[in-house]
Protein chains: 2
Amino acid sequence: MKVGELARATGLTVRTLHHWEERGLVVPSARTHSGHRVYDDGDVRRVYQVVALRELGLPLDAIGSLLTTGSFATVLAAHLEQVDARLAALHTLRGTLAGVVDRLRGAPDPAPSDVLRMIDEVSRVNDTFAQYFTPEQIAALQARRDEAEAAAAQWPDLIAAVRAEMAAGTDPGDPRVQSLASRWAELLATFHRGDEALRERLYRMRSDNPGEVVAAGGPDQAMIDYIAAAADAGR
Amino acid sequence: MKVGELARATGLTVRTLHHWEERGLVVPSARTHSGHRVYDDGDVRRVYQVVALRELGLPLDAIGSLLTTGSFATVLAAHLEQVDARLAALHTLRGTLAGVVDRLRGAPDPAPSDVLRMIDEVSRVNDTFAQYFTPEQIAALQARRDEAEAAAAQWPDLIAAVRAEMAAGTDPGDPRVQSLASRWAELLATFHRGDEALRERLYRMRSDNPGEVVAAGGPDQAMIDYIAAAADAGR
DNA sequence: GCTTGATCCTCACGCGACGTGAGGCGGCAC
DNA sequence: GTGCCGCCTCACGTCGCGTGAGGATCAAGC
């Protein structure tokens, strides 16, 4: 087999096969008199092994030593840990980025300095979030994020409406406030979905970091009390 | 401010600041007569902006164009999509890798060709899995994988026990079979946790690929029917 | 004024896994 | 002979810096 054939057969490029030879991974066992590479059956099998290991995300030199030492278990386990670490990092990055993109929807064409402040803020919120929720809980929330985002988008309106009633001095027992309180409870429920642990962590996070929550457009303590009074009045 | 001071203040290295200047990201607005860089307030703010955007994982040239054009919303949204793609890819990689590592525990010091076959196999199973579950669902499962692995370890025993009762011709209404059926339901519940969509996908995957499930040590259709009959009898 | 240690400057190579030419030879059909 | 395709070997570019090498400058003590 010559390089071109092998390349077509494996879906690799000729350059890649050249490169693997340079790195000593797959050295064709023969050459024609004019210097053309000739791969035999063993070489081809070797190429497929390198392909498989490369798909696991291993660096080429690790693949080389693996194919000579054969210590797959330890090397792959170590690699798995590293992948997990990258996954975790990428995951929190995605959280921060999603937060920033979300806020940008509300503020078109902000100044660079505003964006800077926004990023810092979101990172902090994200870190705070990570303190109160386990990675499993965050992953579970992430899993239904479309739904969660749709719900989250309704908070600003609701909060504004509640603020208006508070400013107007409306009694918590008033039907309008009652309806707001039940919308409030529904939105909360789309977040915790009946998971008590989740609900409690959210509550603790809010009461431990009132300043950040307000800065992020969340409700303040007075508003929470007002809604709680409305819920009590409704019973 | 000179480079060294700025580097200490920001936690960057002097080389990084030099590099950013080469790329045109942050060019100090002045130099001393002897050529030393002098950063003024604006330059320092600019450095912090680059730092913030870099933490979002943006490439340097994207940061440069962002800081001149100011089109944050579109660029960051595009970047988010790309991060999502990388996350998804890394995620299926982690699944495959975990599968291989898991199998390697059972087979110490396998030949490279065996590992190759193993990788292909696990990738196929992983792909099958990916066809039936959304990335979000896989993420949610992944999040509680320790728990899930512990539960999965109980399946072989349970399946063997059920097979024994079937072979003995025990009636599905028998208390022993009833108890097996309830253990079965519990194990299933640790998987889907009341999520109907998850349960249904699992069911579809099993009925679409009966051969692979049996080959992987899963239950066959007769066993499913038997357990279903037991569950019916228990009502 | 001289030495000394810290800080500054400008090249320039290295990393990882190839992509992408450039320039030239070999092989096969017409 | 002549075209065309495939093969060969350099060798530079990618991305974000790390890491010297070799030399100038600065602030301070003697």
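Keep in mind it's a predicted model, so treat the numbers as computed, not measured. So that the names make sense, note that chain A is the first sequence line, chain B the second, and so on, each numbered from 1.
Nearer the 5' end of DNA chain D, as judged by each residue's closest nucleotide, is the contact made by B:P59, out of B:P59 and B:S34.
Using a 4.0 Å heavy-atom distance criterion, A:H19 is classed as a base contact.
Atom CD in B:E55 sits about 12 Å away from atom P in D:dC17, given to the nearest Å. The interatomic distance linking B:E5 (CD) with C:dA6 (C1') rounds to 13 Å, in whole Å. For the pair B:Y39 OH and C:dC8 P, the computed distance is 10 Å after rounding to whole Å. Put simply, CG on A:L12 is 11 Å from C1' on C:dC18, counting in whole angstrom units. Atom NZ of A:K2 and atom C1' of D:dG6 are 7 Å apart (whole Å). Here the P atom of nucleotide C:dC15 and the CG atom of A:D61 are 11 Å apart, to the nearest Å. Taking atom NE2 of residue B:H33 and atom P of nucleotide D:dA24, one finds them 15 Å apart after rounding to whole Å. Protein atom CG of A:L58 is 14 Å distant from nucleotide atom P of C:dG16, rounded to whole Å.
The existence of a salt bridge linking A:E81 and A:R86 is excluded, since no basic side-chain nitrogen approaches an acidic carboxylate oxygen closer than 4.0 Å. Between A:R94 and B:D84 there is a salt bridge, since at least one side-chain N of the basic residue sits less than 4.0 Å from a carboxylate O of the acidic one.
The side chain of B:T16 places an N or O atom within less than 4.0 Å of a non-bridging phosphate oxygen (OP1 or OP2) of D:dG18. Distances shorter than 4.0 Å separate none of the side-chain N or O atoms of B:H18 from OP1 or OP2 on D:dC17.
Inspection of the A:T68 and A:S65 side chains reveals no N or O donor paired with an N or O acceptor under 3.5 Å.
The main-chain N or O of A:R117 is never found under 3.5 Å from a side-chain atom of A:D120 such that the two would form a donor-acceptor pair. A donor-acceptor contact shorter than 3.5 Å links the side chain of B:R46 to the backbone of B:L25. Put simply, the side chain of B:H79 gets close to the backbone of B:L56: a donor and an acceptor are under 3.5 Å apart. Side-chain atoms of A:E5 come within 3.5 Å of backbone atoms of A:K2 as a donor-acceptor pair (strictly under, hydrogens ignored).
Residue B:V14 places its side chain closer to C:dC8 than to any other of D:dC7, D:dC26, C:dC8. The side chain of B:H36 lies closest to C:dC8, out of C:dC8, D:dC17, D:dG18. Side-chain proximity of A:L60 to the nucleotides C:dC18, D:dC26, D:dC7 is greatest for C:dC18. Nearest nucleotide to the side chain of A:R15, out of D:dG18, C:dT7, C:dT20: C:dT20.
Sorted by residue number, the members of residues 20-32 of chain B with any non-hydrogen atom under 4.0 Å from DNA chain C read B:R31.
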